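Below you'll find the structure, written out as structure tokens, and then a few comments.
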Amino acid sequence: MALFRRQDEDTGDKLLELASDPFKTEIQSSSIITAFALYLGLALGLAILFSVFRPRHRVLFAPKSKYADEKHAPPAMGNGLFSWIKPVTTAKEPYLMDRIGLDAVVFLRFQRMLRNMFLVFGVVGIAIMLPVNVTETKKSTLAEWHIGALIYMTPRFTQGGALWAQVVISYIGNIIVAYFLWHNYRRIHSLRRSYFQTPEYQKSLHARTLIVRDLSSDLRNEDGVTRVTDHANPTGVQPKVTVGRNVKDLPGLIEDHEEQVRELESVLAKYLKNPNKLPAKRPTMKPSSKSRYSGPVTDGKVDAIDYLAERIRELETEITEVRESIDRRDPMPFAFASWDHIAQAHSVAFASRNKQSMGARIDLAPRPTDLIWKNLPMSKSTRKTRRLMNAVWISVLTLIWLPMNMGIALFLSNLGNLATIWPSFRESFEASPGFYGILQAVLAPTITSLVYMVLPIIFRRLQIRAGDVTKTEREQHVLRNLYTFFTLNNLVLFSIFAAVWQYVANIIDADDGTKSTWDAVLEGKFFLTVTQSLCDISPFWVTFLLQRNLGAAIDLTQLSRLATMWFQRRFMAPTPRQNIEWTAPVSFDYASYYNNALFFATISLAFANLQPIILLVAALFFAFDALIRKYLLMYCFVTKNESGGQMWRTLFNRMVFATMLSNVVIAALLIARDEYVMAGTLGPALLLMIGFKVYCAKTFDKEIKYYATSGLVDQESLQADGGKRRKAEKISSKFGHPALFKPLMTPMVNAKAQPILSEIYKGRLGSDAGGPLAAGFSDTFAMQPMGPSKNDGTFEFVTDAQQDFAFYKNREDFRDEAGSNLYGKPDDTMTERSATPMGFKRSGTAQYSEFSAESSRANSPAPLQRNPSQVHPAFRNGYDVDSQHSLRRMESPDSHDISLRPRSGLYTDPDDDRSNLLNHDVTMSQFRSPGGTPDQQGGYDYFRKS
């Protein structure tokens with residue numbers, strides 16, 4: 001027993017020693033040069049590798065050059081090795097705003113700001129701090145001469161009057177940060193004012209629309225909403241109003257329908273992977289408890305193809321029934337109010353800021369695609385409760401991650417530490433050093449990367465549950481949560497964990513019975529222990545920033561995406577839809593990338609005085625990262641939800657916090673040296689940063705957010721709006737719940753399986769049910785009758801050559817997920833040529849819309865002329881359905897350039913059978929291609945009102 005007790009004590013002592021200094025084997029100063037050469041060399045190597053393969057694989061490395069319309073296309077690049085650099089470095093902000101949007105421009109400006117800021121701060125900081133710290137370290141009798149060169153650069157051994165240099169550099173750093181923030185705040189202000197004058201914004205409906213939330217039950221009608229807006233309406237102009245309606249479980253049904261369609265596609269892709277040699281058994285699956293499947297069940301499983309076919313038919317019938325009954329549902333506590341001019345709407349929003357009107361909240365309306373519709377009806381009390389629970393869950397997640405993070409740092413990043421305290425593992429570790437060396441190099445980064453990939457997903461779901469009403473608001477909160485999590489867990493707690501552990505251990509050792517625990521606490525000198533630990537850990541963060549350059553290079557080469565696609569195509573059976581989606585440009589995850597930049601900036605500012613060399617390393621990182629991200633945003637990534645640069649205030653506030661955190665670190669260093677007067681001189685620096693934040697907010701925020709505040713429509717606004725009052729527009733169609741008019745998804749099957757599918761597929765995917773379908777969204781919904789479907793059970797066949805995003809970039813089921821603004825006019829753009837909004841095409845029997853000449857040429861190369869017999873009877877005589885469920889006369893349809901737009905935007909030949917639909921009840925010659933004529937758009941598309 002004594003032997004086991006002694007072994008436990010030895011293990012505990014070793015664990016205490018490792019926890020007290022977990023980085024001693026990781027941050028030797030000599031390894032910094034190696035890390036610099038290794039990581040920078042790998043990053044440059046990957047950049048050169050990209051330069052070699054880029055001209056040969058333009059679709060992969062520059063997809064926007066292929067898919068974007070003429071207005072949004074990036075500049076052309078040559079075939080030279082480094083010919084991609086010049087177009088990237090010479091592209092200026094006015095040019096980029098038209099092509100990549102203001103959100104991307106703000107991101108690039110933020111990157112450049114950090115690069116320039118740390119370059120200036122680094123030069124000044126090194127010029128002042130290095131001579132002082134090195135001189136004081138050499139003077140100190142406490143310094144050990146075998147310490148690394150990087151420790152010499154820290155103020156670990158600086159004493160007395162030399163510490164005034166810390167105060168001076170803190171104030172200089174604050175001035176540098178404040179200047180760059182102020183300068184870029186002005187530029188963001190200028191960019192936002194320019195953004196307000198762009199044709200896209202001036203013609204958009206959301207720009208002159210307000211969203212009214214938290215309406216009481218007696219105000220949920222047009223008159224009630226008008227009374228609410230009149231309380232803060234300096235214009236005296238009445239808006240056009242539409243009140244939300246309860247769509248009940250319709251969004252869930254549509255989501256379930258899409259899941260079932262994708263599941264059917266996946267089952268068919270696996271089963272028909274080799275049509276000439278089908279598996280012996282048909283695929284089976286467990287049925288859902290929601291299904292009313294009438295087929296045979298064997299051992300709790302059913303035939304997957306027949307079951308999914310029947311399940312889809314059930315959902316389509318249910319969706320139709322729910323859509324028919326929408327008009328009889330109760331109104332919801334939210335509404336939209338639209339004015340004739342942008343200045344009028346913004347003036348009302350400005351007058352309503354920070355207050356409620358008759359208990360309701362009035363805000364600027366976002367783009368319709370930016371809304372999180374299911375959260376709009378949420379009450380204030382429910383939202384408040386859920387936000388509180390959201391904070392609790394994030395706190396729990398942070399606490400759970402702390403021991404895991406330390407476990408990774410102590411053991412997974414150095415398996416030798418694990419072998420030290422685990423004798424049985426030590427034998428295996430010593431027997432296979434090569435294997436465990438590879439495992440050590442892969443395990444910790446992989447686990448950490450997976451956690452960081454999952455975190456944004458978790459935070460997004462938490463924010464949706466907490467009641468965020470727009471995706472922009474959700475992304476802002478995700479950024480805040482990520483930054484708080486990273487800063488608290490991965491910087492503050494991670495950095496001082498060893499110091500706290502050592503402090504507690506010293507107290508335990510000192511409490512030997514001769515003194516009280518409180519005396520041991522006082523003699524422990526907590527601040528001294530913490531600051532010495534921060535100086536010792538500073539080389540680790542230098543290495544960390546050097547390593548991050550490798551991440552930007554990996555993004556440039558898209559290695560992770562290529563590896564995933566290769567694995568899926570090599571070992572799995574991807575569906576045609578998945579192949580199409582893989583070729584689409586990738587959405588840029590602003591929250592994650594902004595968080596990385598903010599986190600690295602916070603590290604650099606926090607350790608600026610403790611390790612001045614980190615400032616130049618940060619400048620190097622942001623210089624390389626800014627170049628790479630600019631290329632990716634210009635040629636590869638797209639902005640899925642354009643917010644118009646609304647992320648800036650969140651970034652600004654976190655940079656102010658990071659600057660104040662750096663002052664707190666220096667104050668702790670001075671307190672540890674018993675220099676309380678010096679520490680007190682940093683108090684005004686904190687107050688000045690708070691005052692600077694307030695000044696910038698009062699100076700710039702009003703004009704950044706609001707187009708106008710006076711309520712008067714000036715001549716410039718009249719000219720931008722066309723100089724005349726707009727016709728009555730269907731705000732209901734634009735700001736209607738997408739579940740009311742969203743086309744249902746059609747299963748896609750590889751064309752190779754077309755001959756065999758009619759033999760193995762016996763179910764029906766269509767429906768004979770007819771009835772009205774929601775044509776719009778207003779205080780009273782306008783419905784259109786839907787006749788019987790021509791075909792029962794249709795598929796969309798796609799050849800191997802067609803499994804490319806270029807063939808489907810104009811289709812709603814693909815374009816919205818890949819940045820719809822990149823391929824033509826935004827969804828809520830309104831024109832003066834017709835009172836019929838573009839969004840109405842979603843509900844029409846035939847698929848038609850109005851286009852400007854430019855968008856028509858760009859997106860529909862050979863439009864088919866509309867046949868009046870193929871248009872719904874309500875529109876044949878030039879009538880439209882207004883928001884009061886009646887008919888009104890509008891201009892003759894023949895006077896407008898309204899055309900039937902092919903669904904894919906490419907195929908216009910009705911005899912082209914490269915992509916078609918199969919109906920098991922008709923002959924094999926009856927197809928519908930993605931761009932087929934209206935008389936071929938029966939079956940699924942007629943049923944879905946696509």
Side-chain angles (χ1 to χ4, degrees), residues 57-61 63 66-67 255-279 281-285 303-305 307-309 311-312 450 453 457 557-587 589 636-638 640 744-757 760-761 765 794-819 903-904 906-907 914-918 929-930 940:
H57 302 279
R58 290 179 179 269
V59 175
L60 176 64
F61 294 116
K66 176 180 180 181
Y67 301 131
E255 184 178 351
D256 194 9
H257 177 273
E258 292 183 358
E259 291 177 359
Q260 301 303 314
V261 169
R262 286 182 179 272
E263 181 67 19
L264 178 60
E265 291 175 343
S266 180
V267 168
L268 291 174
K270 295 173 183 177
Y271 186 63
L272 303 175
K273 187 174 183 179
N274 186 357
N276 298 324
K277 189 178 180 181
L278 298 179
K281 295 183 178 180
R282 286 171 63 93
T284 59
M285 63 183 300
D303 184 276
I305 299 176
Y307 164 75
L308 290 171
R311 177 64 179 153
I312 291 171
L450 289 175
M453 289 173 60
I457 299 174
T557 55
Q558 303 185 54
L559 289 179
S560 57
R561 186 184 180 201
L562 285 174
T564 302
M565 292 171 59
W566 173 83
F567 179 83
Q568 291 275 4
R569 289 174 173 168
R570 178 68 177 83
F571 300 103
M572 310 294 286
T575 66
R577 189 181 304 277
Q578 289 175 323
N579 285 327
I580 294 169
E581 291 172 343
W582 287 340
T583 61
V586 180
S587 298
D589 188 355
C636 299
F637 291 136
V638 296
K640 185 176 179 181
L744 300 187
M745 189 180 287
T746 302
M748 283 185 163
V749 181
N750 195 303
K752 295 186 299 184
Q754 178 176 320
I756 197 66
L757 185 59
I760 67 165
Y761 173 69
L765 296 185
T794 55
F795 290 89
E796 184 173 355
F797 286 91
V798 186
T799 64
D800 290 336
Q802 265 189 304
Q803 295 181 26
D804 188 291
F805 183 70
F807 294 88
Y808 300 89
K809 65 180 184 178
N810 291 320
R811 277 178 40 169
E812 257 185 287
D813 48 344
F814 289 101
R815 72 193 299 264
D816 289 344
E817 292 299 317
R903 186 167 183 177
S904 73
L906 291 180
Y907 290 119
R914 285 178 289 176
S915 177
N916 41 63
L917 298 177
L918 170 64
S929 72
Y940 257 117

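Keep in mind the model is a prediction, meaning the values are calculated, not measured. The figures that follow rest on heavy atoms only: side chains count, while hydrogens, waters and symmetry mates do not.
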Please report the closest heavy-atom contact between Leu60 and Pro63, naming both atoms and the distance.
O-CD, 3.7 Å
Counterpart residues, side chain to side chain contact (heavy atoms under 4.5 Å, CB included), relative to Thr557 (two or more places apart):
Leu46, Phe50, Leu559
Partner residues of Asp800 under the salt bridge (charged side-chain N to carboxylate O under 4.0 Å, His left out) criterion, sequence neighbours left out:
none
Phe797 to Ala751 - nearest heavy-atom pair and separation
CD2-CA, 3.9 Å
Check the surroundings of atom CD in Gln568: do more than 12 heavy atoms from other residues, nucleotides or ligands lie under 6.0 Å from it?
yes
Rounded to the nearest 0.5 Å, how far apart are CG of Asp804 and CD1 of Ile580?
8.5 Å
Look at atom CE of Met453 and say whether more than 12 heavy atoms of other residues, nucleotides or ligands are closer to it than 6.0 Å.
no
Not counting sequence neighbours, which residues clear salt bridge (charged side-chain N to carboxylate O under 4.0 Å, His left out) with Lys273? List them please.
none
Quick one: list whatever passes side chain to side chain contact (heavy atoms under 4.5 Å, CB included) with Arg569, sequence neighbours left out.
Met565, Pro574, Asn579, Trp582, Thr583
For the pair Arg282 (side chain) and Ile760 (backbone), establish whether a donor and an acceptor sit closer than 3.5 Å, ignoring hydrogens and angles.
yes
Could you tell me the separation between the OH atom of Tyr307 and the OG1 atom of Thr284, rounded to the nearest 0.5 Å?
12.5 Å
Distance-minimising heavy-atom pair for Ala806 and Lys809
O-CG, 3.9 Å
From CG (Asn750) to CG (Leu272), nearest 0.5 Å:
9.0 Å
Using 30° and 60° as the class limits, which term best fits the ring planes of Tyr808 and Phe814: parallel, tilted or perpendicular?
tilted
Given His57 and Leu562, is the side-chain contact (heavy atoms from CB on, under 4.5 Å) satisfied, shown in steps?
CA-CA 12 Å; His57 302 279; Leu562 285 174; over 6 Å; no
Report yes if the side chains of Thr575 and Arg262 come closer than 4.5 Å at any heavy-atom pair, otherwise no.
no
Are Thr746 and Val261 packed together at the side-chain level, in the sense that at least one heavy-atom pair is separated by less than 4.5 angstrom?
no
List the atom pairs, with distances to 0.1 Å, where a side-chain N or O of residues 263-271 and a protein N or O form a donor-acceptor pair under 3.5 Å, not counting sequence neighbours.
from: Glu265; atom 1: OE1; to: Arg577; atom 2: NE; distance (Å): 3.1
from: Glu265; atom 1: OE2; to: Arg577; atom 2: NE; distance (Å): 3.1
from: Glu265; atom 1: OE2; to: Arg577; atom 2: NH2; distance (Å): 2.8
from: Glu265; atom 1: OE2; to: Met748; atom 2: N; distance (Å): 2.7

Rounded to the nearest 0.5 Å, how far does CZ of Phe795 lie from CD of Gln754?
11.5 Å
Ring pair (Phe, Tyr, Trp, His ring centres under 6.0 Å) filter on Phe567, not counting sequence neighbours, yields Phe571
